[in-house]
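These notes are about the structure you will find just below.
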Amino acid sequence: MALTWNEIRAKAISFSHDWIEAHSERGEAQTFWNEFFEVFGVNRRRVAAFEQRTKSEGRDAGFIDLLWKGTLLIEHKSRGGNLVKAYNQAREYFPGLADNELPKFILVCDFEKFKLYDLDTGVQIDFLLKDLHKNIQHFDFIAGYRRREFRDEDPANIKAAELMGELHDKLYEIGFRGHNLELFLIRILFCLFADDTGIFEKSLFSDYIFQKTRADGSDLGPQLNHLFQILNTPIDNRLSNLDEQLQLFPYVNGLLFSEVIPVTSFDSSMREQLLRCCNFNWSNISPAIFGSLFQSVMNSELRRNLGAHYTAEKNILKVIKSLFLDDLFIQFNSIRRDRRRLGEFHQKIARLKFLDPACGCGNFLVIAYRELRLLELEILKAQFPNEDKITDLRLYALLDVDSMYGIEVEEFPAMIAQVAMWLVDHQMNIIISEEFGKPLIRLPLTKAAKIENVNALEIDWNDVINKAEVYCILGNPPFVGKQHRSASQNSDMNRVFVNVNGYGVLDYVTCWYIKAAQFIQGTSIQVGFVSTNSITQGEQVGVLWNILFNDYNITVNFAHRTFRWSSEASGAAHVHVVIIGFGNQNLPNKKLFEYERVELEPHETIVTNINPYLIAGRNILLKNRRTPLCNVSEIKFGNMPNDDSNLLLTNEEKEQLISIEPNAEQFIRPLNSAKEFLNGIKKWCIWLKDVSPNEWRNIRPIRERVEQVREYRNQSSRAATIELASTPHCFGEIRQPNSSYILIPRHSSENRNYIPMGFFSEEYIVHDSCLFIANASLYEFGIVMSQMHMAWVKHVCGRIKSDYRYSNNLVYNNFPWPQDPTQAKLDNVTEAAQNVLDVRLQHPDSTLADLYDPIAMPTNLVQAHRNLDRAVDRCYRNQVFTNDRNRMEFLIELYDRYTNPLRVQGE
């Protein structure tokens, strides 16, 4: 039977002590290595041979000190020998070895110093003999273990999901489903992980399946249920004649195995599938991914794209580091040499409790707990630099899983979260054990994370944990936009937003903001949520943050501006999110994290206030305005056809209609719609406003199209549309300008540095996919085409997915225009704006989509916009704006000055 890590560690300490005392020399090398292998429970003679003769590079023949073919080559030197030279000598033996004999590791040693080279990864480990017990994990390949560093999209995770998924599918096919199947698989998961990480003796579970159950699988179900019963039974309460192998299983407790579930049926293929799961090395899997992994087990579609649904650890760390972890480490580093204060600080962090009110499978709680345990390890290392002073780690490792609380509406993820917490606790116990050379095993399980399987929006969170006990709230509540909410989610919104006007525009995640704001009243609790970035944009800001500021006195204390929340998986969906940390306390030195591009790493800035748009500046709430804030031309929607496309014509349809009825041409006008405007596509419409019926009613193709409009509108369920059937020859809503105008597409790609806009005469009909500014000047065109205006758009406008949604009432009408620029500055903007239009004409074969593609934008157009941007910037101030954040901070201040002149004067 393979040794547990704790047994290996104890043997390593004894081995090191004996050989340090012996002051060994070269002649004792064979004894040294025989005993070294025995530390790991391996008989050296069975796997490796001394003095292996082989040809070496540049020599006729040579002798390898010790070779384990295909695994390990050892080159040994006398005390004080040159180990770099020993390594080079070892590499010289490779040409004389067959391919299947080439080692994966080289180990060189002089009795006192070790150098281990992992030839697959290129990693080199150096340590002294006295520290062998701290480095045994690097020799897991000798002990029969093989650990790898966890990556977000490690192939091992995919393999694990596939193996368990196939077992799930086989059980599901025979009718073993629902709660019983979910609990059964979670128990199997625990046993597999325990088999490979030292909770059980190595391979105890897999050996039991292989040795104690029939090959046809007929008794496997009952045997597993018997095993689950044993795991839930204290050692002293077990039957005296119990099978010797079953007696080796520890008492687990923790309620994981307490519920009795029906016995399932296995056949030979299902038993083989379980054994394949046993043969997989589960120590490769991090508990942080168990949630996503086992949700994918239950869903074949998720299983095929596991990485797309896994929250990367680095993104979780963005929340917890700013929320609490950075501050705790600052406190630790300030007292790390004061043992008394370290003890007090250790007691403090052991009392901290955390709540994730939408915990899913517990990823945030798992990572938060892991990081806290790592902090605890640093505290213990600082308190006890001499590890021998610690006699029993159970007395010193104070943090436990009962500090973590979660709320999850679905049963299966809630169960996974609790088990994942036990597993990460065990992993951290191993790390602490390795550091101090003493065992730390928490079996039977006496404490558990409290994960409540309820709807967080239906309960008082105080029923889960009293708010007086909570230190922080964290998590990523569901990403559900207003247009995708289910009926039950709409009911949740109704329940949370009582007596709130306009909450229908809000995303579902905002429910957790309101519940958290209510919960933390009168406390110092800080909250950190990941959310869709739409709650900091557009019309949602005025609704949500008005409640948070005015009803609950909420302050934003740190924030990550928009970044891409995704995994490394191919084909994974990208979600653009923000992280917002808030509370009732107005903390100093607020941290604002800015991303130059959504996929890059952020830059941190310390600011005095963070407003709802996640900009450093006053807390302002933009609301829809009917007229512009400043004295500029008004903006309006285009004309809405409401015609089922019967009044609209492609270029081909227009030519065909005219060829049939030449008289129809006088009633056809060019149409500006967003897509066609940006992509250079000609579009037309039948425009019969103010045209006498006798002029068109006998033109058959037009009459037929008008009749189809009437039928379409009559079939509508909306009374207003049915009323429009009385004038089917006209657009449903008409707002056509009587002068030239600026055309602005309502939707545009976020990838563009500028939203392309254009000048048109009144002959061109404006579609309602666009907005227009009538009687506009070149100066006004220059302002709205500038980088200054785009900075405002990016922060204020709503989004469709991540693309800009330009609005008249929110974006344009709230925009603070330059305050009294000189005529010279006005002229500079006018000249630069005309130059932009002129340069566009120099590229007649390119569409606006081509010209404003940031990769393909012509050099002369780039320069023309730079000149325009400089001219516009100088209308605001002479000092240079270095980036969009500077521009937006200035615009926020200017907006505040325009809307609150008395307050500004008073300052």
Side-chain angles (χ1 to χ4, degrees), residues 1-5 8 40-42 46-47 68-72 100 104-105 120 137 139-151 154-172 181 184-221 223-224 227-228 231 245-246 248-250 264 266-287 289-290 293-294 296-298 300 303 306 419 423 426-427 430:
M1 190 74 65
L3 299 178
T4 66
W5 280 117
I8 293 171
F40 299 93
V42 175
R46 294 183 178 179
V47 297
W68 181 356
K69 293 179 180 180
T71 300
L72 174 66
N100 66 330
K104 295 178 180 177
F105 299 88
D120 287 339
Q137 71 273 17
F139 297 95
D140 45 15
F141 62 92
I142 297 179
Y145 298 86
R146 187 68 183 101
R147 298 197 305 173
R148 288 184 291 166
E149 183 178 351
F150 170 73
R151 303 190 304 273
D154 195 315
N157 302 326
I158 305 299
K159 181 63 175 176
E162 291 172 348
L163 287 168
M164 287 295 289
E166 290 171 15
L167 180 61
H168 162 271
D169 293 347
K170 290 179 180 295
L171 291 166
Y172 189 88
L181 174 57
F184 177 84
L185 288 176
I186 289 174
R187 289 175 174 178
I188 294 296
L189 155 67
F190 181 90
C191 292
L192 293 169
F193 188 84
D195 229 21
D196 287 338
T197 59
I199 298 177
F200 297 166
E201 292 188 13
K202 176 64 178 170
S203 302
L204 179 61
F205 177 67
S206 58
D207 286 347
Y208 176 74
I209 301 299
F210 184 75
Q211 297 171 8
K212 299 296 184 178
T213 65
R214 296 173 186 153
D216 63 5
S218 59
D219 64 342
L220 180 53
Q223 290 281 37
L224 286 172
L227 173 59
F228 297 158
L231 292 169
Q245 202 164 359
L246 282 174
L248 295 175
F249 284 96
T264 188
F266 279 77
D267 56 27
S268 59
S269 67
M270 296 166 71
R271 179 178 180 271
E272 286 300 317
Q273 184 58 38
L274 179 56
L275 286 173
R276 280 193 287 272
C277 292
C278 292
N279 291 334
F280 181 78
N281 189 350
W282 290 85
S283 65
N284 291 338
I285 308 299
S286 163
I289 198 176
F290 276 143
L293 190 155
F294 280 93
S296 74
V297 165
M298 308 301 290
S300 59
R303 199 183 310 155
L306 170 62
V419 174
L423 298 183
H426 177 68
Q427 285 191 331
I430 291 175

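Computed over heavy atoms, backbone and side chain alike; hydrogens, waters and symmetry mates excluded. All of these numbers come straight from a predicted model, not from anything done at the bench.
Note that CZ of F141 and CZ of F105 are 4.5 Å apart. Values are rounded to the nearest 0.5 Å. The distance from atom OG of S269 to atom CG of L167, rounded to the nearest 0.5 Å, is 10.0 Å. Atom CD1 of I209 and atom CD of E272 lie 12.0 Å apart (nearest 0.5 Å). The CG atom of L227 sits 10.0 Å away from the CG atom of L220 when rounded to the nearest 0.5 Å.
In this structure, the side chain of R271 does not engage the main chain of D219 through any donor-acceptor pair within 3.5 Å. D195 places a side-chain N or O within donor-acceptor distance of the main-chain N or O of L204, the cut-off being under 3.5 Å.
Among F249, W282, F205, the single residue meeting the ring-ring contact (aromatic ring centres under 6.0 Å, His included) criterion with F200 is F249.
When side chains are defined from C-beta on, L163 counts as touching Q273, because their heavy atoms get closer than 4.5 Å. Using a 4.5 Å cut-off on side-chain heavy atoms (C-beta onward), C191 and L231 make contact.
In this structure, the salt bridge (Lys or Arg N to Asp or Glu O under 4.0 Å) partners of K69, at least two apart in sequence or on a different chain, are E101. In this structure, N279 has no side-chain contact (heavy atoms from CB on, under 4.5 Å) partners at least two apart in sequence or on a different chain. By the side-chain hydrogen bond (donor to acceptor under 3.5 Å, both in side chains) test, R187 is found to be paired with no residue, residues two or more places apart in sequence or in another chain being considered. With sequence neighbours left out, Q223 forms a side-chain hydrogen bond (donor to acceptor under 3.5 Å, both in side chains) with Y208. Applying the salt bridge (Lys or Arg N to Asp or Glu O under 4.0 Å) criterion to K170, with sequence neighbours excluded, gives no partner residue. Remark: T264 engages L171, I174, F176, F184, F266 in a side-chain contact (heavy atoms from CB on, under 4.5 Å) (not counting sequence neighbours).
Within a 6.0 Å sphere centred on CZ of R214, other residues, nucleotides and ligands contribute 12 heavy atoms or fewer.
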Side chain to side chain contact (heavy atoms under 4.5 Å, CB included) assessment of I142 paired with W68: CA-CA 10 Å; I142 297 179; W68 181 356; 3.9 Å; yes
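The two residues M164 and I188 make their nearest non-hydrogen contact at CE-CG2, 4.2 Å. The two residues F193 and L423 come nearest to each other via the heavy atoms CD2-CD2, 3.3 Å.
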